[in-house]
Amino acid sequence: MKRLTTLVAALLLSGCVQFYAQQSNVNEQIDTWVENHQYDKALATINAMNPEHESYPELRQRSGIIESKRSAYIEEQLDLASEYEAEADWAAAIAVLDTGLGNLPGAPELQAQRGEYEERRLNSIDRNETAILMARARYLLATRTSEENLLKATPNNFFAQQRYRVFQQDLKTLSRELYVIGKQALYEDDSFSAVQALSLSNRLSPNELSQELLSSIQQAQQSERQQARSQKTVVADQQWPQLENAFAQSLGLNDLAGARRLLNEMTELDREKAQPMREQLDSRLTSESALLKERGELLYSQGFLGEALAVWEEALTLTPNDAELQANAERARTFLTNLDRWSN
């Protein structure tokens, strides 16, 4: 579309130039174009003039001055647009350049800078949308307990059940959206954003896609650290603060499986230093597993069999030897298998 617009403008300019180049009052038109910063029209008209035209010698001498004004105008527009960079106001910067391109549609300097600002604008929109989705995810996680308590208080109330069903659907929808964001962030080599998005996705609604992708990121990071340690022993001491920070981040994101993976790596390096974190993680694993067990029971009682199974299986990754969890998961699995057989 941009190329077509440029071509149309060029054709129109060519016709306009040929017309004015033959007029006796071409000087006045040149002055008007220069005053309105339409330097390309002025220069093209001068170049198209017949050397026998009475105004040709005078206007040819002015060409250098007009070209200087053109260059100064372009620099001015670029400088004005750059003033919005500090505030990342790309729309305002683009508006300045569009004004310049309205006068000089063929200026490559303005076109190139506009293209760069447009790319930054689109990236800014993506980042804002991602931030909004993550903020909404954290809000839903913060309100989940109150939503569950409301249903527990009136488990047979139709409106409470409907409200909870809508809430569950919101969790699943947002979980899928965050998985896509995490996958894209990983493609763009932004592992920090990927881990955040995938961790939130899995907390909203446990799912294999987010779990597997998150696990692959963490395993790749672990392999890089192990390779570095094998090349230079001293690196192990240098990596300890990095591992501690990553462990704290995993706890903050409630990615307990990732925290356990990190802790196992830290234990291999220094069992004694890792012991306090082992106790911290064990406590979190027990409490989180109990919370997931209770959530699964609530989901199961309301007919969310697949969701209940996913939650119980998530809990089993934290406390795999919990006999009650194993029985709950097997019960849900059997029920879902029978439903599938009956439906066929």
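- Donor-acceptor pairing under 3.5 Å is recorded for the side chains of Gln211 and Glu314.
- Hydrophobic clustering, with ILVMFWY side chains joined whenever heavy atoms are under 4.5 angstrom apart, keeps Leu256 apart from Leu291.
- Follow the hydrophobic side-chain contacts under 4.5 Å out from Leu214 and you never reach Leu200; the two are in separate clusters.
- Among Gln326, Arg295, Arg331, the one residue that satisfies the side-chain contact (heavy atoms from CB on, under 4.5 Å) test with Trp312 is Arg331.
- Between the side chain of Gln161 and the backbone N or O of Pro155 there is at least one donor-acceptor pair closer than 3.5 Å.
- In terms of modelled atom types and a separation under 3.5 Å, the side chain of Arg163 and the main chain of Glu147 share no donor-acceptor contact.
- Looking at Lys152 and Glu294, a side-chain N of the basic residue comes within less than 4.0 Å of a carboxylate O on the acidic one, giving a salt bridge.
- In this structure a side-chain-to-backbone donor-acceptor pair under 3.5 Å is present from Arg284 to Leu251.
- With values rounded to the nearest 0.5 angstrom, Tyr300 atom OH is found 10.0 Å from Leu309 atom CG.
- Put simply, Leu325 and Phe335 are part of the same group of oily side chains (I, L, V, M, F, W, Y) that touch within less than 4.5 Å, one to the next.
- The salt bridge (Lys or Arg N to Asp or Glu O under 4.0 Å) pairs that include a residue from residues 80-109 are Asp98-Arg114, where partners are two or more places apart or lie in different chains.
- Under the 3.5 Å distance criterion, the side-chain polar atoms of Asn245 are matched with a main-chain donor or acceptor of Pro241.
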Begin from the C-alpha positions of Glu330 and Arg333 and carry the test salt bridge (Lys or Arg N to Asp or Glu O under 4.0 Å) through to its verdict. CA-CA 5 Å; Glu330 185 60 31; Arg333 203 175 290 114; 2.9 Å; yes
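- Atom CD of Gln162 has more than 12 heavy atoms from other residues, nucleotides or ligands within 6.0 Å.
- Side chain to side chain, Asn103 and Tyr73 meet the donor-acceptor criterion of an N or O pair below 3.5 Å.
- Between the side chains of Ser175 and Ser205, no donor-acceptor pair is found at a separation under 3.5 Å.
- Applying the side-chain contact (heavy atoms from CB on, under 4.5 Å) test to Ser63 and every residue at least two apart in sequence or in another chain returns Leu43, Ile46, Arg60.
- The existence of a salt bridge linking Glu118 and Arg121 is confirmed by a sub-4.0 Å separation between a basic side-chain nitrogen and an acidic carboxylate oxygen.
- The only option from Asp270, Leu263, Leu269 that meets the side-chain contact (heavy atoms from CB on, under 4.5 Å) definition with Thr267 turns out to be Leu263.
- From Asn156, atom CG reaches atom CG of Leu151 across 9.0 Å, with rounding to the nearest 0.5 Å.
- A donor-acceptor contact shorter than 3.5 Å links the side chain of Ser71 to the backbone of Glu67.
- Inspection of the Arg261 and Ser215 side chains reveals an N or O donor paired with an N or O acceptor under 3.5 Å.
- Counting heavy-atom neighbours within 6.0 Å of Phe167 CZ, excluding the residue itself, gives a total above 12.
- Around CG of Asp189, the count of heavy atoms belonging to other residues, nucleotides or ligands within 6.0 Å does not exceed 12.
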Does the salt bridge (Lys or Arg N to Asp or Glu O under 4.0 Å) test come out yes or no for Glu297 and Lys293, once each step is laid out? CA-CA 6 Å; Glu297 292 169 353; Lys293 181 193 298 184; over 6 Å; no
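- When hydrophobic clusters are built by joining Ile, Leu, Val, Met, Phe, Trp and Tyr residues whose side-chain heavy atoms come closer than 4.5 Å, directly or via intermediates, Tyr179 is grouped together with Ile217.
- Looking at Arg203, Gln218, Arg260 one by one, the single match for side chain to side chain donor-acceptor pair (under 3.5 Å) with Asp255 turns out to be Gln218.
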